[in-house]
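Encoded as structure tokens, the structure appears first; notes follow it.
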Number of protein chains: 2
Amino acid sequence: MSEATAKQGPDTRARILDAAEVLFMTHGFEATSMRMITGQAGVNLAAVNYHFGSKDALIQEVFRRRLTELNRDRLAALEAEEAVAGGAPLKPSKIVAAFFGVSLKMTADTTHGGATFMRLLGRTYTEPNEFVRQFLAEEYAEVVQRFMDALYRALPDVPREEILWRFHFMMGAMSYAIAGTDALKLFAGDFDDEDPTRLMPRLMSFLLGGLRAPLPEEVIESRTIRRDAA
Amino acid sequence: MSEATAKQGPDTRARILDAAEVLFMTHGFEATSMRMITGQAGVNLAAVNYHFGSKDALIQEVFRRRLTELNRDRLAALEAEEAVAGGAPLKPSKIVAAFFGVSLKMTADTTHGGATFMRLLGRTYTEPNEFVRQFLAEEYAEVVQRFMDALYRALPDVPREEILWRFHFMMGAMSYAIAGTDALKLFAGDFDDEDPTRLMPRLMSFLLGGLRAPLPEEVIESRTIRRDAA
DNA sequence: GTATGATTCAAACGAACGTTTGAACAGGAT
DNA sequence: ATCCTGTTCAAACGTTCGTTTGAATCATAC
């Protein structure tokens, strides 16, 4: 390994990662066996442990190779907006568009498997597996902090806790929108599949509407939604 | 002889269901073994297959016993509103409150395990397992249809497809809000723990804001939009 | 050519999985 | 006491899991 970089085999690594990405999305981590992965990738069973060390390490690598790029693009989009603003606080819509627009752009990318990964990622936000969630949290720590700070500055009069909640809600709506297209079909069988290009404006309208909604009156005084069914 | 194994008094069935509910929520379906379930429940390994037939049947029963009640309450809440309206279309806020308010009421129920189940349910909306999703779709078919019809009548000028999407987004925000509290903590370590009573008004404001947001321009091009407000 | 290190391969490993078995135990009703 | 029915129990079933092994193959430098 003199000057050669991490370039290893011909394309065994990449084929394993691509196969695993699809299978993890379709069946989940636990239900996807090494034999399924290596079978679909057309490589030997031992190849995964040789190239990645273990199944868990393979899972991490599946996420890392995409998340690195995704979060880099997110930060770039945010910094581009900040450069335009020149020190002034950004408009919330710009911040939201920077974060979620990058996500949806990858969702629309069908040629490089980005769409598959985004669906996998959406499912993984609620993944029970502890080490997967721990890994995701580390990967997200910086970018989330940066966006939250931008939102704090953009909405100085809104309690930070409230902004945190709404960001949480927005993440949920996006994850579900991307990952749960099948679930949507289950709700309404007569539903023609859509290209993610049309999902983007729909989701963005919804997210901004939720973000700008009036604060709950609970801030002033506890109030319960009237739902008396007698 | 060494230890007096606490002779279990109450129902073995219920003990298995309660243990399985917690373990499924913590580890997921595939990662939760029969031995974990029976061990936590304090029953024999064979008890699950004796009482439920199989692990899959146990999963279904875990959901069925709670979903039956949940969806019954949802329909009751909707019908109560419809009775008050007396034939007139309901306001969207009432419909949303009927559907999601019941969910959050169960989330706030800590004494009967309802909160545990709601977190499990939130995670399961994006569950890859095919038979689980099929089962969920059947359980939800009627109640979703009823609520969608109510929304169609409440918003006659909004394209049905658009309402479907926004309902989808709302489901995502709620599921994530309930199931992903840990994820929220990962984003912001300094976060005082959740009190579902306070989650309710927060989420409701967000959902209604998203539901009433202006439609994306792409849709507006072809249709005139009227904004109904509550 | 041969040597050397990286990669692939078939085969096997022990562990854990869901499920099944047949005996043991319980408590009424006859 | 006996039978019956429902339930619990320890043990084992066959399968599949992730991982490991050691030899075969390939590529490149000597």
Side-chain angles (χ1 to χ4, degrees), chain A residues 1-63 127-132 135, chain B residues 1-63 127-132 135:
Chain A
M1 62 175 90
S2 53
E3 57 85 20
T5 57
K7 185 76 173 174
Q8 305 211 16
D11 54 350
T12 301
R13 268 184 67 99
R15 297 179 55 178
I16 290 174
L17 286 173
D18 290 340
E21 194 172 65
V22 174
L23 290 170
F24 286 157
M25 193 264 288
T26 309
H27 304 100
F29 302 118
E30 307 270 357
T32 300
S33 67
M34 314 248 80
R35 287 162 179 83
M36 291 165 66
I37 297 171
T38 54
Q40 173 123 337
V43 302
N44 188 268
L45 169 61
V48 171
N49 284 281
Y50 175 78
H51 284 282
F52 299 95
S54 68
K55 184 183 180 180
D56 282 359
L58 169 63
I59 295 176
Q60 290 206 23
E61 186 58 25
V62 165
F63 280 95
E127 167 71 28
N129 187 313
E130 186 57 36
F131 104 88
V132 172
F135 171 73
Chain B
M1 172 179 188
S2 55
E3 56 166 339
T5 52
K7 199 71 174 180
Q8 65 181 34
D11 219 5
T12 300
R13 269 184 65 99
R15 295 175 56 118
I16 292 174
L17 287 172
D18 291 340
E21 193 171 67
V22 174
L23 289 170
F24 286 157
M25 192 265 288
T26 309
H27 303 100
F29 301 118
E30 308 269 359
T32 300
S33 68
M34 314 248 80
R35 285 161 181 85
M36 291 166 65
I37 297 171
T38 54
Q40 173 124 337
V43 302
N44 187 270
L45 169 60
V48 170
N49 284 281
Y50 175 78
H51 283 282
F52 300 95
S54 68
K55 183 183 180 181
D56 281 358
L58 169 64
I59 295 177
Q60 290 206 24
E61 185 58 26
V62 165
F63 281 95
E127 167 70 31
N129 188 311
E130 188 57 38
F131 105 89
V132 172
F135 170 74

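To find a chain, count down the sequence lines: A is the first, B the second, and so on, and within it residues start at 1. Being a predicted model, the structure only gives us computed values, none of them experimental.
In this structure, the OH atom of A:Y50 is 16 Å from the C1' atom of D:dT19, given to the nearest Å. Counting to the nearest Å, the C1' atom of D:dT19 and the CG atom of A:L45 are 8 Å from each other. Look at NZ on A:K55: it is 16 Å from P on C:dA16, rounded to the nearest Å. Whole-Å rounding puts the A:D11 CG to C:dA6 P distance at 19 Å. Between the CZ atom of B:F29 and the C1' atom of C:dC17 there is a distance of 18 Å, given to the nearest Å. Look at CG on A:N49: it is 8 Å from C1' on D:dT20, rounded to the nearest Å. For the pair A:I16 CD1 and C:dT8 C1', the computed distance is 11 Å after rounding to whole Å. Atoms CE (A:M34) and P (C:dA15) sit 20 Å apart, rounded to a whole Å.
Among the protein residues, A:T32 comes within range of the sugar-phosphate backbone only, with heavy atoms under 4.0 Å from sugar or phosphate atoms but none that close to a base.
For the atom pair CG (A:D11) and CG (A:L17), the distance works out to 11.5 Å, reported to the nearest 0.5 Å. Atom OH of residue A:Y50 and atom CZ of residue A:R13 lie 11.0 Å apart, to the nearest 0.5 angstrom.
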Side-chain atoms of residues 31-42 of chain B: list all donor-acceptor pairs with protein atoms under 3.5 Å, sequence neighbours left out, distances to 0.1 Å.
{"unit_1": "B:T32", "atom_1": "OG1", "unit_2": "B:L23", "atom_2": "O", "d": "3.2"}
{"unit_1": "B:T32", "atom_1": "OG1", "unit_2": "B:G28", "atom_2": "O", "d": "2.6"}
{"unit_1": "B:S33", "atom_1": "OG", "unit_2": "B:M36", "atom_2": "N", "d": "3.2"}
{"unit_1": "B:T38", "atom_1": "OG1", "unit_2": "B:M34", "atom_2": "O", "d": "2.9"}
{"unit_1": "B:T38", "atom_1": "OG1", "unit_2": "B:R35", "atom_2": "O", "d": "3.4"}

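Looking only at side-chain heavy atoms (C-beta outward), A:F52 and A:Q60 stay at 4.5 Å or farther from each other. You'll find the side chain of A:I59 reaches within 4.5 Å of the side chain of A:D56, heavy atoms only.
With D:dT8, C:dT8, D:dT19 as the candidates, the nucleotide lying closest to the side chain of B:H51 is D:dT8.
Where B:V48 and A:R35 meet DNA chain C, the nucleotide closest to each residue was compared, and A:R35 sits on the side nearer the 5' end.
Between D:dC17 and A:S33, a contact under 4.0 Å exists linking OP1 or OP2 to a side-chain N or O. Put simply, B:T12 has a side-chain N or O that comes within less than 4.0 Å of OP1 or OP2 on D:dT8. The phosphate of D:dA10 (OP1 or OP2) has a side-chain N or O of B:N44 nearer than 4.0 angstrom.
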Check nucleotides 21-26 of chain D against the protein and report each pair of N or O atoms closer than 3.5 Å, with its distance, or say if there are none.
none

Item checked: Pair B:N49-B:L58, side-chain contact (heavy atoms from CB on, under 4.5 Å): steps then yes or no -> CA-CA 9 Å; B:N49 284 281; B:L58 169 64; over 6 Å; no

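Qualifying side chain to side chain donor-acceptor pair (under 3.5 Å) partners for A:E21, counting only residues two or more places apart in sequence or in other chains: A:R66.
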